[in-house]
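First the structure, in the form of structure tokens, and then the observations on it.
All figures in this text were calculated on a predicted structure; none of them were measured in a lab.
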Amino acid sequence: QPRNTDGYDYANYHTLNEINSFIDMLVAENPNLVSKIVIGQSYEGRPLNVLKFSTGANRPGIWIDTGIHSREWVTQASGTWFAKKIVTDYGRDPALTAILNKMDIFLEIVTNPDGYAYTHTSNRMWRKTRKPNSGYSCVGVDPNRNWDAGFGGAGASGYPCSETYRGPYANSESEVKSIVDFVKSHGNLKAFVSIHSYSQMLLYPYGYTSTPCKDQSELHALAKKAITDLASLYGTQYTYGSIINTIYQASGGTIDWTYNQGIKYSYTFELRDTGRYGFALPANQIIPTAQETWLALMAIMQHTYNNPY
Amino acid sequence: RENFVGHQVLRIQPTNEEQISVLRSLAEKHDLGLDFWTEPVSVTKPVDVRIPFKVLQPIKIFLLENDIQYSIMIQDLQDLLDEEERVMKTRSA
């Protein structure tokens, strides 16, 4: 085990325990900047850990989560890299420092810990939560179809054995409900970025309806800026747009709900796609993926900082 | 631990709406055990699907019969996962 976060191998995949140890080390090393919040428990009783980066009280916040689909390991690995990047750059990078002097950043590195643990122990291809479905042998719900935004509509399955099973009712999954409760109780989140992999897309609401969201032109322009910044590092080309126009109709999705809660800068990423591995990217892709994604995240965070609402 | 020996991930490129419809109907057949990594939505987006070994040949024949083009993105998924695990352990060590 590494003794500190400098000794952590960011270019390797890690188990849930290793990531949780990393979280605790990061908090211990940066007590004036980082704290850990437990926003709830997973179905199997694991803590839902969120890192809070904060330099003051009662600040507006930016939320980032990685890996709600457990098998997309490059997202959790990128989230770990982001956490270290934030503590490294605070006080050095003027843009991030300015943001953190005015806003908090919340980062949930392992959004679906039961699923993530399961991918390490039993089934590398596991994607959903691990809650049993009454009357079926198939386990789990797609947590990105379980939000109360067009829940139950087209673009999600009502069949528990489907990979896109929406669950019996909105927020049925504690992994989702815990975030919902946190967002509502916080009440002042200004940006919400949910990170998935793969296929190189940056998407904004809506997924459940073809009606454009009222901020579409601004979100579209910001997405263009973010993916341009992202591409400046390694030339990785992203597509961008609303979920329904860019991929497909999907109901019950995360950012549709957050947008409807009033969080204007709601985005979801689909990370790097080499065309060879799908979401099972080799570990040597972790750092380039995280580095380029960070540039896009910074674009979104800076815009949020510069455009208070 | 679940084993994925012989599973392949095919990258399928539909060329018209009819082929997308065929692929959608395939995705509805849950008993086949297909795992769609990307879903059939439009001719501009490839469809990636993990196919268990036991249905690999029938699915390939089905695609050929429907004139649907594909390439093999991952030849043997378990090989990839074994390599992933080997790298994890080596780097940890």
Fill in: Side chain / backbone / both / neither for A:D9 at chain B, heavy atoms under 4.5 Å
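Answer is side chain: those atoms of A:D9 sit under 4.5 Å from chain B.
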Worksheet item: Taking the side chain from A:R124 and the backbone from A:R71, do they hold a donor-acceptor pair closer than 3.5 Å?
Response: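 Checked: pair present.
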Residue [X] versus chain A: region with a heavy atom under 4.5 Å:
| X | result |
| --- | --- |
| B:T44 | neither |
| B:R91 | both |
| B:L77 | side chain |
| B:V87 | both |

Worksheet item: Who among A:H120, A:H14, A:R127 has the most heavy-atom pairs with chain B under 4.5 Å?
Response: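 The option with the most such pairs is A:H120.
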Discussion item. At a heavy-atom distance under 4.5 Å, which candidate from A:G275, A:A283, A:S157, A:A280 has the highest pair count against chain B?
Written reply: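 Result: the option with the highest number of such pairs is A:G275.
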Distance-only donor-acceptor pairs under 3.5 Å for side chains of residues 194-208 of chain A, two or more places apart:
residue : atom : partner : partner atom : Å
A:S194  : OG   : A:D65   : OD1          : 2.8
A:S194  : OG   : A:D65   : OD2          : 3.4
A:H196  : ND1  : A:H69   : ND1          : 3.3
A:Y198  : OH   : B:D48   : OD2          : 2.7
A:Q200  : OE1  : A:D273  : N            : 2.8
A:Q200  : NE2  : A:Q237  : O            : 2.7
A:Y204  : OH   : A:H220  : ND1          : 2.6
A:Y206  : OH   : A:N260  : OD1          : 2.6
A:Y208  : OH   : A:N260  : ND2          : 3.2

Fill in: Option among A:Y116, A:F279, A:Y118 that satisfies the ring-ring contact (aromatic ring centres under 6.0 Å, His included) test with A:W126
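So, applying the ring-ring contact (aromatic ring centres under 6.0 Å, His included) to A:W126 and each of A:Y116, A:F279, A:Y118, only A:Y118 qualifies.
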Discussion item. Any non-hydrogen side-chain atom of B:Q69 less than 4.5 Å from a side-chain atom of B:P14?
Written reply: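 No, too far: nothing below the 4.5 Å cut-off.
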Item to complete: Can you see which heavy atom on B:E2 is nearest to which on B:Q78, and at what distance?
Response: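 Shortest heavy-atom contact: O-OE1, 4.3 Å.
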Item to complete: Please name the residue in the list A:W81, A:W73, A:Y13 that meets the side chain to side chain contact (heavy atoms under 4.5 Å, CB included) test with A:I286.
Response: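 Testing A:I286 for a side chain to side chain contact (heavy atoms under 4.5 Å, CB included) against A:W81, A:W73, A:Y13 leaves exactly one candidate, A:Y13.
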